[in-house]
Trainee: 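Structure below; questions to follow.
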2 protein chains.
Amino acid sequence: MSSNSPQLLKGFRDFGPDKMSARLVMLEKIRKSFERFGFAPMETPVLEYEKTLTGKYGAEEKLMYRFSDQGGRAVAMRYDLTVPLARFYTTNKETLPKPFKRYAIGPVWRAENTQKGRFREFYQCDVDVVGSSSAIADAESIAAIYAALKDLGLQSVTIRINNRKIIQGILEVIGVDGKKTVSVLRFLDKIDKQGEGKVKKLLEQDGMSSGQVKDLFDYLQLSASESKGLQDNFSRLMLENKNLAEGIGELSDVLDALYGMGVTTYTVDLKLARGLDYYTGTVCEMVLSELPNFGSIAGGGRYNNLIGTVSGGKEKIPAVGMSIGIDRLIVALEDLDLIKYDSTQDVLVFNLDEDKLGTYLGIVTGLRRGGVNADLYYKTDSIDKQFKYADSKKINLAVIIGEDEIKKGIVTIKNLATRKQWSVKSNKLLEEIKKSL
Amino acid sequence: MSSNSPQLLKGFRDFGPDKMSARLVMLEKIRKSFERFGFAPMETPVLEYEKTLTGKYGAEEKLMYRFSDQGGRAVAMRYDLTVPLARFYTTNKETLPKPFKRYAIGPVWRAENTQKGRFREFYQCDVDVVGSSSAIADAESIAAIYAALKDLGLQSVTIRINNRKIIQGILEVIGVDGKKTVSVLRFLDKIDKQGEGKVKKLLEQDGMSSGQVKDLFDYLQLSASESKGLQDNFSRLMLENKNLAEGIGELSDVLDALYGMGVTTYTVDLKLARGLDYYTGTVCEMVLSELPNFGSIAGGGRYNNLIGTVSGGKEKIPAVGMSIGIDRLIVALEDLDLIKYDSTQDVLVFNLDEDKLGTYLGIVTGLRRGGVNADLYYKTDSIDKQFKYADSKKINLAVIIGEDEIKKGIVTIKNLATRKQWSVKSNKLLEEIKKSL
């Protein structure tokens with residue numbers, strides 16, 4: 001490659017035909033799963049006013065792509081799909097169903113550190129329910145994502161679930177200042193990556209006493225796999241502390257609703273915090289038992305304040321949502337050999353005689369009109385070159401018509417995988433091809 | 001709306017569930033048409049190095065969104081799907097099929113004048129063939145777009161077609177300086193919007209004599225509906241001028257190939273120039289006979305120099321492509337009443353008794369697992385509110401289960417459009433719903 005030749009930007013990717021075909025199949029499965037759960041599709045622009053997006057995501061916000069447009073407006077590229085949803089809901093709420101259940105699938109942009117293997121342009125697939133505080137909304141968001149992952153062939157998805165009010169309640173019970181909650185949640189979110197020991201140290205540096213840190217982790221250790229056990233564990237503290245009572249109550253309701261939807265592979269993990277500042281209750285992430293070190297492939301939670309903040313009004317609008325990071329997921333599916341790089345192409349009509357171009361064009365047109373993905377080799381060329389072309393496009397069937405075939409009114413079909421070759425009457429070609437696909 | 005509430009950027013649009021569902025159906029039809037013609041899917045990033053994109057589009061380039069990223073790189077947002085294809089091809093050509101036939105569907109960004117009703121973010125749906133100068137490639141690109149428009153229900157698409165070499169040849173024959181070709185093409189492109197009289201004046205102001213302008217338009221008036229007539233009209237000049245001979249020859253071959261593919265609704269229009277500087281031969285656009293004043297809904301042409309320019313190398317790589325502007329197309333389809341705003345949702349399970357939540361969750365889960373798009377009303381609420389919710393989501397079927405139904409082991413189904421209501425055994429619900437969709 002010459003130094004003049006154009007480059008991809010670091011952290012950005014092209015998807016050529018093989019990868020793109022696989023992505024489209026995946027996205028379509030995800031889409032269908034989301035629609036089965038009552039979520040309807042939506043799309044917002046890639047650019048928003050900068051002030052709509054800033055102040056919502058916490059410290060990571062410095063990764064946002066921002067600039068001044070031709071009209072001098074401060075604009076920013078979509079950083080996630082949730083804040084644009086909040087903006088959309090605010091301006092359209094009078095005409096939307098209540099609750100409003102939507103899904104969105106599209107790229108977002110963050111100027112991540114590429115040395116950690118992160119991408120700067122990546123797809124999110126989100127479901128959200130806006131305008132309901134029902135625990136069924138939380139459970140449905142989780143169940144929709146879970147069903148999508150199952151449809152993609154993932155058999156061992158574990159759902160880790162918690163409610164931030166429980167952490168907040170415990171902090172109150174052990175006497176930690178309420179202003180510290182945000183930073184404590186951020187530290188807890190680092191447990192998976194940095195380990196519990198490190199996080200305990202960070203919490204002490206942040207001003208908690210070693211006794212408080214010990215108490216916090218003793219409480220966070222308590223757990224249970226169903227709502228009854230959870231309530232038993234915290235029955236005394238729930239009487240003392242409102243946040244704990246609410247958190248345990250909400251979490252129990254979500255677990256019950258999940259159970260009602262036939263989703264049972266969840267684990268309550270009271271240490272789970274999630275990274276985004278805007279979560280107010282339920283937090284959830286999904287991991288693969290087969291790839292324990294891979295980290296989460298989906299996550300989300302309840303955010304009852306975000307939409308009010310974005311709208312700038314006083315009304316509080318409850319909302320909950322979950323998101324699949326499709327690019328990480330693809331890496332996982334590749335690791336598990338669950339991704340198929342199939343061709344979108346079925347048939348190549350060979351071009352063996354330039355005088356027969358009219359015949360070839362007629363054949364390929366007939367196949368296309370019959371719904372077959374068919375290609376014609378443009379030039380009369382050696383049969384080897386044409387086989388090579390079919391191979392490069394992963395085409396399975398060759399349609400071969402030479403002098404002999406035309407005389408007999410037949411067509412030769414060759415399966416390029418099995419090398420099997422046979423002939424049929426010309427007028428039976430479409431039927432035969434459809435049988436062979 | 002308070003002045004604090006967040007706004008959409010001018011020229012940008014949200015697509016709520018109704019519009020988005022219709023767009024997805026359209027895009028899927030277009031996708032399938034493109035695949036039938038042997039084009040494979042591809043996607044490139046939204047951001048590119050600015051220098052990759054600049055210098056390719058002509059005067060309109062000032063509409064490109066450009067900025068400096070966090071790493072100080074000069075970047076630009078995708079302005080069309082063709083130049084990124086050229087960049088992709090340059091870096092990947094060793095591993096790609098030859099010719100490389102790809103389609104791409106995605107948004108592009110141009111800071112257009114919104115007062116003319118133009119959008120700043122709009123979708124393009126492109127097919128391109130890279131690495132072949134065969135006229136079949138031109139014809140296939142045109143035929144694929146034409147088939148997609150037919151699949152969308154458009155019955156009266158007219159294909160206007162020309163070859164820029166013919167215009168260039170005529171200019172040479174009448175003694176216009178070759179350096180003027182680019183500006184003459186740009187003026188000719190304004191005929192539809194500004195009229196022939198105005199364009200003639202502009203050409204004279206640009207330095208052509210009134211005699212030359214008259215001669216030019218006399219030649220451009222000549223036409224023919226098939227290749228034989230075209231060659232007869234220009235037989236003498238073709239002997240004199242190489243560009244004319246090539247242009248007429250290429251155009252004839254494309255018409256013959258189109259005819260071979262069963263596409264016959266084309267008109268040769270020698271005045272057709274198209275706006276982009278990079279076209280070198282075939283140019284084409286499609287208009288709707290039912291909406292003659294609407295302008296073109298698709299267009300494209302051959303660009304044999306662009307990829308070489310982008311690669312910065314000396315190799316010349318022939319290419320041809322066509323593009324549908326989906327946003328203009330949707331307006332046309334709406335005008336012709338050809339767009340359906342269907343719901344993605346089939347069923348609402350009513351919530352009439354909070355003690356029966358487990359039953360409702362079981363029912364909605366069973367429907368979803370059976371492949372039905374099903375929603376559950378979250379709260380026990382008045383039946384009127386639940387009908388209203390179903391209506392707001394354009395849901396057709398209600399599943400109603402009260403005390404009476406549970407006692408009898410049945411389920412009541414109500415068609416919300418016809419108001420018809422009937423009951424079935426609980427275990428026959430899925431079957432019955434699938435019949436009723």
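Because the structure is a prediction, the values reported are computed rather than measured. Keep in mind that the numbers below use all heavy atoms, side chains included, and drop hydrogens, waters and symmetry copies. Convention: sequence-line order gives letters A, B, ...; per-chain numbering from 1.
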Trainee: Most heavy-atom pairs under 4.5 angstrom with chain B, which of Lys388(A), Glu28(A), Met77(A), Lys62(A)?
Mentor: Met77(A)

Trainee: Could you check which of Lys10(A), Lys379(A), Lys98(A), Lys19(A) has the highest count of heavy-atom pairs closer than 4.5 Å to chain B?
Mentor: Lys98(A)

Trainee: With a 4.5 angstrom heavy-atom cut-off, could you sort out which part of Val347(A) is near chain B: side chain, backbone, both or neither?
Mentor: neither

Trainee: Please classify the contact between Arg73(A) and chain B as side chain, backbone, both or neither, with a heavy-atom cut-off of under 4.5 Å.
Mentor: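 Contact with chain B: side chain only.
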
Trainee: Relative to chain B, which segment of Glu48(A) carries a heavy atom at a distance below 4.5 Å: side chain, backbone, both, or neither?
Mentor: both

Trainee: Under a 4.5 Å cut-off applied to non-hydrogen side-chain atoms, are Pro99(B) and Tyr378(A) in contact?
Mentor: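 In short, these two side chains touch, coming nearer than 4.5 Å.
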
Trainee: Go through Ala40(A), Ala137(A), Ser343(A) and name the one with the most non-hydrogen pairs under 4.5 angstrom from chain B.
Mentor: Ala137(A)

Trainee: Go through the atoms of Ser21(A) and report whether side chain, backbone, both or neither lie under 4.5 Å from a heavy atom of chain B.
Mentor: both

Trainee: Should Arg31(A) and Leu24(B) count as side-chain neighbours, where that means a heavy-atom distance under 4.5 Å?
Mentor: yes

Trainee: Report yes if some heavy atom in the side chain of Phe100(B) is under 4.5 Å from a heavy atom in the side chain of Pro17(A); otherwise report no.
Mentor: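 Of all side-chain heavy-atom pairs linking Pro17(A) with Phe100(B), at least one is under 4.5 Å.
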
Trainee: Can you find a pair of side-chain heavy atoms, one from Arg36(A) and one from Leu367(B), that are under 4.5 Å apart?
Mentor: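 Answer no - side chains too far apart.
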
Trainee: Let me know if Ile395(A) has heavy atoms under 4.5 Å from chain B in its side chain, its backbone, both or neither.
Mentor: neither

Trainee: Once you measure the plane-to-plane angle for Phe67(B) and Phe67(A), does it fall in the parallel (<30°), tilted (30-60°) or perpendicular (>60°) bin?
Mentor: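 Plane angle under 30°, so parallel.
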
Trainee: Where does Ala86(A) contact chain B at under 4.5 Å (heavy atoms): side chain, backbone, both or neither?
Mentor: neither

Trainee: What parts of residues 357-365 of chain B touch chain A if we use heavy atoms and a cut-off under 4.5 Å?
Mentor: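 Expected list: Leu357(B), Leu361(B), Gly362(B), Thr365(B).
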
Trainee: Please state whether the side chain, the backbone, both or neither of Ser132(A) comes within less than 4.5 Å of a heavy atom of chain B.
Mentor: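 Side chain only.
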
Trainee: On a heavy-atom basis, which atom in Glu121(B) and which in Pro45(A) lie closest, and how many Å separate them?
Mentor: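 Looking at all heavy atoms of both residues, the closest pair is OE1-CA, 3.1 Å.
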
Trainee: Got Lys393(B) and Lys101(A) here, is their nearest side-chain heavy-atom distance under 4.5 Å?
Mentor: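 Yes, side chains in contact.
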
Trainee: Compare every heavy atom of Glu43(B) with every heavy atom of Tyr123(A), then report the nearest pair and how far apart it is.
Mentor: OH-OE2, 2.7 Å

Trainee: Taking side chain as everything from C-beta outward and backbone as N, CA, C, O, which of these in Phe39(A) sits under 4.5 Å from a heavy atom of chain B? Side chain, backbone, both or neither.
Mentor: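 For Phe39(A), the backbone is the part near chain B, not the side chain.
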
Trainee: Hey, mind stepping through Asp14(B) and Arg87(A) against side chain to side chain contact (heavy atoms under 4.5 Å, CB included) and telling me if it holds?
Mentor: CA-CA 10 Å; Asp14(B) 290 317; Arg87(A) 197 261 311 136; 2.7 Å; yes

Trainee: Does any part of the side chain of Tyr65(A), heavy atoms only, come nearer than 4.5 Å to the side chain of Leu47(B), both counted from C-beta?
Mentor: yes

Trainee: Which one wins on heavy-atom pair count under 4.5 Å against chain A: Pro97(B), Ala147(B), Ser33(B)?
Mentor: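 Among the listed options, the one with the most contacts to chain A is Pro97(B).
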
Trainee: In the structure I gave you, are the side-chain heavy atoms of Thr91(B) and Leu8(A) within less than 4.5 Å of one another anywhere?
Mentor: no

Trainee: Identify whether the distance between the nearest side-chain nitrogen and carboxylate oxygen of Arg368(A) and Glu140(B) falls below 4.0 Å.
Mentor: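 Salt bridge flag = yes for Glu140(B) with Arg368(A).
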
Trainee: Kindly indicate whether the side chain of Thr90(B), heavy atoms from C-beta on, has any atom under 4.5 Å from the side chain of Pro6(A).
Mentor: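 Touching, per the 4.5 Å side-chain cut-off.
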
Trainee: What residue, out of Arg102(A), Arg13(A), Arg66(A), has the most heavy-atom pairs lying under 4.5 Å from chain B?
Mentor: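 Most heavy-atom pairs within the cutoff with chain B belong to Arg13(A).
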
Trainee: Heavy-atom pairs under 4.5 Å with chain A - which of Phe88(B), Phe37(B), Tyr103(B), Phe12(B) has more of them than the others?
Mentor: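 Counting heavy-atom pairs under 4.5 Å, the top option is Phe37(B).
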
Trainee: Flag the one option from Thr52(A), Val372(A), Asp69(A) with the top tally of heavy-atom pairs under 4.5 Å to chain B.
Mentor: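 Between Thr52(A), Val372(A), Asp69(A), the count favours Val372(A).
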
Trainee: In terms of heavy-atom pairs under 4.5 Å, which option from Lys32(A), Arg369(A), Arg23(A) contacts chain B the most?
Mentor: Arg369(A)

Trainee: Please flag which part of Glu35(B) lies under 4.5 Å from any non-hydrogen atom of chain A: side chain, backbone, both or neither.
Mentor: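 It is both, since atoms from each part get that close.
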
